[in-house]
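Shown next, in structure tokens, is the structure this report addresses.
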Protein chains: 2
Amino acid sequence: MDPAVVGRRVRALREERGISLSTLARLAGVGKATLSGLENGTRNPTLETLWAVTAQLGVPFTALLAEPTAEPTVHGSAVTATLLEVFTDTDATYELYRMRVAPGVTQLSPAHQPGVTEHITVFAGVLRAGPADAPLTAPAGGHLRWDSDVPHTYAAVGDEEVAASLLLRYPRR
Amino acid sequence: MDPAVVGRRVRALREERGISLSTLARLAGVGKATLSGLENGTRNPTLETLWAVTAQLGVPFTALLAEPTAEPTVHGSAVTATLLEVFTDTDATYELYRMRVAPGVTQLSPAHQPGVTEHITVFAGVLRAGPADAPLTAPAGGHLRWDSDVPHTYAAVGDEEVAASLLLRYPRR
DNA sequence: CGCTGTCGTTCCGTAAACGGAACGCTGGGA
DNA sequence: TCCCAGCGTTCCGTTTACGGAACGACAGCG
């Protein structure tokens, strides 16, 4: 584990919120020297310090730490998907994945049950995905949705790996 | 956060595995005094120490802190948002939330930094959200996207609670 | 121009987290 | 019985994380 990684993330989160190091230090009740050293990776912060800072940022502690690598992950020829959450509603069950699609390969997935839909939000790269006979394309920031009761494909357009979130919706039967 | 809580969990995890304090300390490469103090809550461990111990226990660190910190970050009057993941790319930082919007109330959120965009995928209910002067509407399965450098609103349309995923994109500056 | 406020970093004395060693305790052998 | 290996705790000198204060850099303003 690299304290520099944690530091960079703290700095990124702070700058997202548009607040200064001095301000965050005061709000969190830690010294400016402490926060500066933490963000620059020159210190090895204590639990108490980390807790004070992350609480003030409103971020769960785990967001700061490197890849857990123990999550349920599905690997295909091109797609790597990590299950983030499953939640159930009155009329459907949802599975939320974070998805990465490697460039240069097209992955074909079999049909799901009737009524199942897929929803994708692309974060980076350009994704071409959807029903095998009529795939859709979305750039970073774009969205895709299709009924997945037919075979469907996933592929990255261009050389860049695609990062996206994938929501699978299974209607209650 | 109470270091005593962390200490009790470490002790519990160690005893589940049936290994002694001395052994775990040796395996993790920390002093017995350090581990003893950590388990008894009489010390305020550093990130390095916590990392060494949890790695040796095979616990992805989240197990120690996930439960107390996994609480929803309550956005406000109508919206409840839970941060699922933060990930950093070469050109932006992303925060992925699961969001619920209670019916009957409109929530106004202040502007973010310039360049920040919000991406919403609606799973259930009908959501009306976006810039305060020109909100957009999306039904279940729909998507919304707007530049969030102006004040913006969230509201459920109708009586049904809205479930959605919210992606905040913070470009690197 | 200087004055002033805020920025992030660095300096520095203090407090405390660190690991190694010694401690008392307990449970098996021979 | 003595012996001894292993247990978790405590002691202690060293290292270092801590916060307050001082620093230089910068921007806004009269």
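Naming convention: chains lettered A, B, ... in sequence-line order (proteins, then strands); numbering from 1 in each chain.
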Please list, chain by chain and in numerical order, all residues satisfying salt bridge (Lys or Arg N to Asp or Glu O under 4.0 Å) with Arg14(A), sequence neighbours excluded. Glu39(A)

Nearest-angstrom distance from the residue atom CD of Glu39(B) to P of dA17(C): 16 Å

According to a hydrophobic-cluster definition based on side-chain heavy atoms being under 4.5 Å apart (Ile, Leu, Val, Met, Phe, Trp, Tyr only), do Leu166(B) and Val126(B) belong together? no

Pair His119(A)-Thr121(A), side-chain donor/acceptor within less than 3.5 Å: no

Distance check needed: dA16(C) C1' versus Arg43(B) CZ, whole Å only. 9 Å

Given atom CG of Leu38(A) and atom C1' of dT9(C), what is their separation to the nearest angstrom? 14 Å

Is there a side-chain contact between Leu127(B) and Thr137(B), using heavy atoms and a 4.5 Å cut-off? no

Under-4.0 Å side-chain N/O to phosphate OP1/OP2 contact, Thr46(A) with dA16(C): no

Whole Å only: how far is the CG atom of Asn40(A) from the C1' atom of dT9(C)? 8 Å

Determine whether Glu118(A) and Tyr154(A) satisfy the following criterion, side-chain contact (heavy atoms from CB on, under 4.5 Å), listing intermediate values before the conclusion. CA-CA 12 Å; Glu118(A) 301 200 19; Tyr154(A) 306 89; 2.7 Å; yes

Can you check the Glu48(A) CD to dA17(C) P distance for me, whole Å? 8 Å

Please identify the 5'-most and 3'-most nucleotides of DNA chain D with any atom under 4.0 angstrom from a heavy atom of chain A. dA17(D) to dG20(D)

Any donor-acceptor N or O pair under 3.5 Å, side chains Thr80(A), Arg100(A): no

Going by number, which of residues 21-30 of chain A have a non-hydrogen atom under 4.0 Å from DNA chain D? Gly29(A), Val30(A)

Within less than 4.0 Å of OP1 or OP2 of dA17(C), is there a side-chain N or O belonging to Thr34(B)? no

Using a 4.5 Å cut-off on heavy atoms from C-beta on, say whether the side chain of Leu50(A) contacts that of Glu48(A). no

Take Thr49(A) and Lys32(B), find for each the nucleotide of DNA chain D with the closest heavy atom, and name the residue whose nucleotide sits nearer the 5' end. Lys32(B)

Reckon Ser36(A) has a side-chain N or O less than 4.0 Å from the OP1 or OP2 of dG8(C)? no

Between dG8(C) (C1') and Arg11(A) (CZ): distance, integer Å: 8 Å

Test side-chain contact (heavy atoms from CB on, under 4.5 Å) on Leu21(B) and Ser36(B); report intermediate values, then the result. CA-CA 7 Å; Leu21(B) 185 150; Ser36(B) 176; 4.1 Å; yes

For the residue pair Val122(A) and Val162(A), establish whether any side-chain heavy-atom pair is separated by less than 4.5 Å. yes

